[in-house]
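Below: one structure, written as structure tokens.
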Amino acid sequence: MTGQPSPSSSSYHMSIDNALRDISSVDAAPASGAATALVLSLAIECLALQLALTLGSDSPQDHGLYYTALGDRLTKWREEARQSHHDDAAAFAGVLLERSRRREAPTEDHLLHVTREMECLAEANSVLLRMAALAHAIAADAEIMFSGRGAPQARAESGVAMHLAAAALNSVTEMLTLNVHTAVRRANDFGVRMSGVAAIRVAAAETPSADAKRRLENELGEIDWDETVA
């Protein structure tokens, strides 16, 4: 998308009060996806805290190579969460823009705007899928740290990280469900199909919440087209 803010100028870098106000504003693009990226950031920092406390303990466990690798992953994950916060807002701003343009356009131009909306929606879905992958990765290391590699006195940090990652995964699933529902409606009304369905099917199978998984799979069941590539 052109004309969108860079990640360094996004609401991610605001004070928490301003960032929350931005997410709740009806006039701002950051919304549920951006909020989920912030949840992932909180999970990352909780895990980082346990790592720091583990490394600073009097008798750190002999997992030096693991700790070094985890520290590297945390640095990488921070940037991924920041980028997702920005990219989700940019992609969904495109969805909203094309919906607005379609409402204002003559009937003969509706197909053009629906086609562009589905392109932006597929882009938004790709950001959500990236967040899902990030949540899985955070949860895996949080479980390892919680189960014994991290300092015992800081187990609450990795425990919270696990729950935050699971919440982010379920949130992504709910957003994908709504996006698939929209795609089904657009396909039925205009014959325009959204790309990237195969990757969403994979994500559905990995959703931790049975209810969220069922809702997404039900929506996917309404799609009468298939894709062999994500």
Side-chain angles (χ1 to χ4, degrees), residues 5-25 28-57 66-92 124-178 203 206-209 211-212:
S6 66
S8 61
S9 63
S10 72
S11 63
Y12 188 97
H13 293 271
M14 295 179 180
S15 70
I16 188 63
D17 184 60
N18 287 339
L20 295 176
R21 187 180 299 113
D22 198 12
I23 286 173
S24 67
S25 171
S32 52
T36 301
L38 290 178
V39 169
L40 288 170
S41 295
L42 289 172
I44 292 166
E45 298 312 325
C46 285
L47 192 54
L49 176 56
Q50 188 182 22
L51 176 60
L53 292 172
T54 299
L55 294 175
S57 63
Y66 172 76
Y67 294 147
T68 299
L70 176 57
D72 291 341
R73 286 194 290 277
L74 289 167
T75 299
K76 175 173 174 283
W77 292 344
R78 286 186 179 103
E79 181 53 36
E80 289 179 1
R82 293 188 189 101
Q83 192 66 48
S84 294
H85 183 277
H86 167 262
D87 290 350
D88 177 83
F92 212 77
N125 288 338
S126 71
V127 179
L128 293 176
L129 292 170
R130 277 164 34 203
M131 284 196 278
L134 177 56
H136 280 296
I138 294 168
D141 271 310
E143 184 174 359
I144 289 171
M145 291 290 282
F146 185 82
S147 63
R149 278 196 171 176
Q153 69 271 22
R155 290 178 74 216
E157 277 63 43
S158 54
V160 169
M162 282 192 293
H163 287 293
L164 289 173
L169 274 168
N170 290 331
S171 298
V172 165
T173 302
E174 296 294 355
M175 286 181 280
L176 287 172
T177 299
L178 294 170
E206 299 174 344
T207 298
S209 166
D211 288 340

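N170 places a side-chain N or O within donor-acceptor distance of the main-chain N or O of S209, the cut-off being under 3.5 Å.
Taking Q50 as the reference, S158 meet the side-chain hydrogen bond (donor to acceptor under 3.5 Å, both in side chains) condition, with sequence neighbours excluded. Listed by chain and number, the residues in a side-chain hydrogen bond (donor to acceptor under 3.5 Å, both in side chains) with T207 are T173 (sequence neighbours excluded). Residues that satisfy the side chain to side chain contact (heavy atoms under 4.5 Å, CB included) test with L178, not counting sequence neighbours, are absent from this structure. With sequence neighbours excluded, the residues forming a side-chain hydrogen bond (donor to acceptor under 3.5 Å, both in side chains) with D141 are Y66, R73, listed by chain and number.
Residue pairs satisfying the salt bridge (charged side-chain N to carboxylate O under 4.0 Å, His left out) criterion with at least one member in residues 162-173, sequence neighbours excluded, are absent. Listed by first and then second residue, the salt bridge (charged side-chain N to carboxylate O under 4.0 Å, His left out) pairs that reach into residues 31-52 are E45-R78, sequence neighbours excluded.
Here CD of Q83 is found 12.5 Å from CG of L134. Values are rounded to the nearest 0.5 Å. How far OG of S32 is from CD of E174: 10.5 Å, rounded to the nearest 0.5 Å. The CE atom of M131 lies 5.5 Å from the OG atom of S84; values are rounded to the nearest 0.5 Å. Interatomic distance, CE of M145 versus SG of C46, reported as 12.0 Å (0.5 Å rounding). A distance of 8.0 Å separates CG in L47 from CD1 in I138, rounded to the nearest 0.5 Å. Taking OG1 of T36 as the start and CG of L164 as the end, the distance is 11.5 Å to the nearest 0.5 Å.
In this structure, the side chains of D87 and R130 come closer than 4.5 Å at one or more pairs of heavy atoms. You'll find the side chain of L176 reaches within 4.5 Å of the side chain of L129, heavy atoms only. Taking the side chain as every heavy atom from C-beta outward, L128 and N125 approach each other to under 4.5 Å.
Nearest heavy atom pair, residue A132 against residue V172, reads CB-CG1, 4.1 Å. When all heavy atoms of T177 and A212 are compared, the pair lying nearest together is OG1-O, 4.4 Å. A135 and L169 get closest at one heavy-atom pair: CB-CG, 3.5 Å. Of all non-hydrogen atoms in L53 and A154, the two that sit nearest each other are CD1-CB, 3.7 Å. For the pair A34 and D88, the tightest heavy-atom approach, listed with the atom from each and the gap, is N-OD2, 3.4 Å. Residues A43 and A161 approach most closely at O-CB, 3.5 Å, considering heavy atoms.
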> After noting the C-alpha distance and the side-chain angles of R82 and E79, does the key distance pass the side-chain contact (heavy atoms from CB on, under 4.5 Å) rule?
Replying inline: CA-CA 5 Å; R82 293 188 189 101; E79 181 53 36; 3.7 Å; yes
